Amino acid sequence: DQQVKQNSPSLSVQEGRISILNCDYTNSMFDYFLWYKKYPAEGPTFLISISSIKDKNEDGRFTVFLNKSAKHLSLHIVPSQPGDSAVYFCAAFWDSGAGSYQLTFGKGTKLSVIP
Amino acid sequence: DVKVTQSSRYLVKRTGEKVFLECVQDMDHENMFWYRQDPGLGLRLIYFSYDVKMKEKGDIPEGYSVSREKKERFSLILESASTNQTSMYLCASSSQFRGRSGNTIYFGEGSWLTVV
């Protein structure tokens, strides 16, 4: 049973417009969320994160919003650039105590930014 | 910067061969992970390790084993490779302690394995 869901496998956006990638989760124990970006034939790279005590975190063109009551987070990219074309993974973090934690990934959303 | 190095980027192996995928990290991280990535299936955890000589099964451990004899090195072993193990394999590491980069997991470049 998937605890982190990215329901859109792909998204196409015109260059300069906003890209919105969505992620839903089911486990209320998750307390930290991360977004990773992955180009073909490369490992994922960390993009941005947000703690469950916040509802927004911004880093340049990237903003992550968290709605805890809806168990939903979204990544906004403004303005979108062709170099943003990649697969984006949402991940959720749960501190299970005793120095260990669980990390769960969604299946990813492939973003294509059209010039 | 954290560096996670996977020794082989591209491998082609025959069915039934024993395959070793090596991973080394240089940040003294306690946690190390092996994932595989397949189209439409995202990142799936195979095995992870919280300490030297310690291993835990992930979501899809069947057909794989791991070895962690030193803190910096985590090896994934395919005892008898099969065609359904053709995939991209990703090694990752992170600190055990939150607040000391423990909220971020760092990935290697990936190893493309083709089993024929």
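Residue numbering restarts at 1 for every chain, and letters A, B, ... go by the order of the sequence lines. Side chains are part of it too, since the values below use all heavy atoms of this structure and drop only hydrogens, waters and symmetry mates. Not measured: the values here are computed from a predicted model.
Linking Ile, Leu, Val, Met, Phe, Trp and Tyr whenever their side-chain heavy atoms come within less than 4.5 Å leaves B/Ile105 and B/Trp34 in two separate clusters. Residues A/Val13 and A/Leu75 fall within the same hydrophobic cluster, defined by Ile, Leu, Val, Met, Phe, Trp and Tyr side chains chained together at heavy-atom separations under 4.5 Å. A continuous path of Ile, Leu, Val, Met, Phe, Trp and Tyr side chains, each step under 4.5 Å between heavy atoms, connects B/Phe74 with B/Leu78, placing both in one hydrophobic cluster. Both A/Leu21 and A/Phe62 are part of a single hydrophobic cluster, where members link through side-chain heavy atoms under 4.5 Å apart.
Taking each heavy atom of A/Gly43 and B/Leu90 in turn, the nearest pair found is CA-CD2, 3.6 Å. Of all non-hydrogen atoms in B/Gly42 and A/Phe89, the two that sit nearest each other are CA-CE2, 3.8 Å.
By the neighbour-count criterion of 12 heavy atoms within 6.0 Å, atom CZ of B/Arg9 is densely surrounded, having more than that number from other residues, nucleotides or ligands. Heavy atoms of other residues, nucleotides or ligands lying less than 6.0 angstrom from NZ of A/Lys110 number 12 at most.
Of the atoms belonging to A/Pro44, heavy atoms from both backbone and side chain fall under 4.5 Å from chain B. At a 4.5 Å heavy-atom cutoff, the contact between B/Gln37 and chain A is made by side-chain atoms alone. Contact of B/Arg44 with chain A is not made at all, since no heavy-atom distance falls under 4.5 Å. For a residue to count as touching a neighbouring chain, one of its non-hydrogen atoms must lie under 4.5 Å from one of that chain's; by this rule A/Ala41 touches chain B with backbone and side chain alike.
Note that CZ of A/Phe46 is 12.5 Å distant from OG of B/Ser94, once rounded to the nearest 0.5 Å.
Checked against A/Tyr36 for a ring pair (Phe, Tyr, Trp, His ring centres under 6.0 Å), the options B/Tyr35, B/Phe107, B/Tyr106 give a single hit: B/Phe107.
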